[in-house]
Protein chains: 2
Amino acid sequence: MNINTESIRALLMKHNIKPSYPRIRIMEYLLAKRNHPTVEKIYGELVKEIPTLSKTTVYNTLNLFINANITRVVTIEDNETRYDADITNHGHFKCETCGMVYDFSISSDDIETKGLEKFEVHEKNVYYKGICPKCLNNKTNIEEVKNEKFKRY
Amino acid sequence: MNINTESIRALLMKHNIKPSYPRIRIMEYLLAKRNHPTVEKIYGELVKEIPTLSKTTVYNTLNLFINANITRVVTIEDNETRYDADITNHGHFKCETCGMVYDFSISSDDIETKGLEKFEVHEKNVYYKGICPKCLNNKTNIEEVKNEKFKRY
DNA sequence: AATATAATTATAACGAGTACAAAAATATAA
DNA sequence: TTATATTTTTGTACTCGTTATAATTATATT
């Protein structure tokens, strides 16, 4: 799947979102980086190239995407909301050392659950925590660490 | 498993936590109610019986429990941190209508994952969202709704 | 009983996210 | 085009959950 401006424009229009410049750039960022960024991260990166960008716009735009179902919230830590334009079913692994969030594939239909027979399930979320291979090799990604805040560790 | 003051006192002491009155009461609340409460909820309920209780103490105590590994954080919504003294492996279902959080059993060892071979996993979290049986029958639990704040719905 | 240590409390501060209204941009109509 | 309406973006203020800090109270130690 190629990520050019035109395909993003089409994606937004398909979901009745007017493809304004900031919206295109924010979606482009999500699709290109695939880094489960926080609002802070998105804003910090994009404001370099769009100096007039405001944080409120990032919030507004992301909520627009979420309501349109073309972006999902990744809630791992209670103090940081992350966003993911990959809405296919997959799990997230957060490294406790460098803070990076990795995707992993799950067959969540296979998760055996007991006690949910009479429940109507709309959304399934799976996230793990631990240490990523990079950090296991002690090659800590300093760049990431700087952008992370940790609690209770 | 019976939940009397003595067993709670023993549990805390086993984990090098001095069994002060507020600590016992907070752990008792978690074990007895099993309702995945927020700090707000715990404080609101307990302050009725312990008028001198402060919210800071609730925060301090819960963080103490978490570090001692006798309580876990339940992060479903990014705007509310919940707590659970049941540290056995299980999933959480949050009803989008009444806001109640239910437990369900999972065999998360069975979750087929791909891409985590070189990762060291410390913690596995599974949470679903949807509508609970009670709300499907339109018998909305008003009590719960009052205590919940919703976003993006 | 006097002192040291730990726990609890109140207050202030912080920061993520939202509300709101003004400004800017875009679309519509004359 | 120009005028007007609508939508989008922005800046500021505000809310609220959580943490930091320091004072007070309770508990343990000598």
Side-chain angles (χ1 to χ4, degrees), chain A residues 8-9 12-13 15-27 29 36-44 46-47 49-68 71 73-83 99 146-153, chain B residues 8-9 12-13 15-27 29 36-44 46-47 49-68 71 73-83 99 146-153:
Chain A
I8 291 169
R9 191 185 297 273
L12 298 185
M13 288 182 78
H15 291 87
N16 297 313
I17 295 171
K18 261 181 221 169
S20 72
Y21 184 65
R23 289 171 180 175
I24 291 172
R25 294 304 305 274
I26 290 168
M27 179 52 81
Y29 183 88
H36 318 88
T38 60
V39 163
E40 203 58 38
K41 179 85 175 171
I42 299 170
Y43 173 77
L46 288 184
V47 80
E49 297 170 40
I50 317 169
T52 64
L53 185 67
S54 93
K55 218 174 274 188
T56 308
T57 298
V58 180
Y59 278 107
N60 290 342
T61 302
L62 289 168
N63 283 331
L64 208 61
F65 291 172
I66 287 157
N67 285 321
T71 294
V73 173
V74 180
T75 305
I76 302 179
E77 233 62 74
D78 49 2
N79 60 333
E80 57 172 30
T81 305
R82 291 166 173 272
Y83 300 87
K146 280 196 299 193
N147 294 318
E148 291 297 330
K149 281 170 286 180
F150 294 100
K151 288 166 59 185
R152 302 186 191 108
Y153 293 114
Chain B
I8 292 170
R9 191 184 296 274
L12 298 185
M13 289 182 78
H15 291 87
N16 297 313
I17 295 170
K18 261 181 223 169
S20 71
Y21 185 64
R23 289 171 180 176
I24 291 171
R25 294 303 306 274
I26 290 169
M27 179 53 82
Y29 183 87
H36 319 88
T38 59
V39 164
E40 203 57 36
K41 179 86 175 170
I42 299 170
Y43 173 76
L46 288 184
V47 79
E49 296 169 40
I50 318 169
T52 63
L53 185 67
S54 92
K55 216 173 277 189
T56 308
T57 299
V58 180
Y59 278 106
N60 289 344
T61 303
L62 289 169
N63 284 329
L64 207 62
F65 291 173
I66 287 158
N67 285 321
T71 294
V73 173
V74 180
T75 304
I76 303 180
E77 234 62 74
D78 49 2
N79 60 333
E80 56 172 30
T81 305
R82 292 167 173 272
Y83 299 87
K146 278 195 298 194
N147 292 319
E148 292 295 331
K149 280 171 286 178
F150 294 99
K151 287 165 60 186
R152 305 188 187 105
Y153 294 113

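The basis for the numbers below is simple: all heavy atoms, side chains too, and nothing from hydrogens, waters or symmetry mates. All chains are named by letter (A, B, ...) in the order of the sequence lines, taking the proteins before the strands, and each is independently numbered beginning at 1.
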If we only count heavy atoms from C-beta on, is the [X] to [Y] side-chain gap below 4.5 Å?
{"X": "A/Asp78", "Y": "B/Arg82", "answer": "no"}
{"X": "A/Leu62", "Y": "A/Thr81", "answer": "no"}
{"X": "A/Thr71", "Y": "A/Met27", "answer": "yes"}
{"X": "B/Tyr83", "Y": "B/Lys41", "answer": "no"}

Rounded to whole Å, please give me the gap between [atom1] in [X] and [atom2] in [N].
{"X": "A/Tyr21", "N": "D/dT7", "atom1": "OH", "atom2": "P", "result": "24 Å"}
{"X": "A/Lys18", "N": "C/dT28", "atom1": "NZ", "atom2": "P", "result": "7 Å"}
{"X": "B/Glu77", "N": "D/dG17", "atom1": "CD", "atom2": "C1'", "result": "15 Å"}
{"X": "A/Phe65", "N": "D/dT8", "atom1": "CZ", "atom2": "P", "result": "12 Å"}
{"X": "B/Asp78", "N": "C/dT18", "atom1": "CG", "atom2": "C1'", "result": "12 Å"}
{"X": "B/Tyr59", "N": "C/dA10", "atom1": "OH", "atom2": "P", "result": "15 Å"}
{"X": "A/Asn63", "N": "C/dA19", "atom1": "CG", "atom2": "C1'", "result": "13 Å"}
{"X": "B/Asn79", "N": "C/dT18", "atom1": "CG", "atom2": "P", "result": "8 Å"}

So if I take every side-chain heavy atom of [X] and compare against [options], which nucleotide ends up nearest?
{"X": "A/Arg23", "options": "D/dT9, D/dG17, C/dT11", "value": "D/dT9"}
{"X": "B/Thr56", "options": "D/dG17, D/dT10, C/dT11", "value": "C/dT11"}
{"X": "A/Asn60", "options": "D/dT21, C/dT8, D/dT9", "value": "D/dT9"}
{"X": "B/Ser54", "options": "D/dT18, C/dA16, C/dA10", "value": "C/dA10"}
{"X": "A/Glu40", "options": "C/dT9, C/dA16, C/dA19", "value": "C/dA16"}
{"X": "B/Ser20", "options": "D/dT9, D/dT8, C/dT8", "value": "C/dT8"}
{"X": "B/Thr81", "options": "D/dT9, C/dG17, D/dT18", "value": "D/dT18"}
{"X": "B/Leu53", "options": "C/dT9, D/dT9, C/dG17", "value": "C/dT9"}

- Could you check whether B/Lys55 gets within reach of a base, just the sugar-phosphate, or nothing at all, counting any heavy atom under 4.0 Å? nothing
- Base partner of D/dT30, which must satisfy Watson-Crick or wobble distances under 3.5 Å: C/dA1
- Task: Just name whichever nucleotide pairs with D/dA22, Watson-Crick or G-U, keeping both distances under 3.5 Å, else none.
- Result: C/dT9
- Message: With a cut-off of less than 4.0 Å, is there a side-chain N or O of A/Thr52 near OP1 or OP2 of D/dT9?
- Response: no
- Output the distance between atom CD1 (B/Ile8) and atom CD1 (B/Ile26), rounded to the nearest 0.5 Å. 11.5 Å
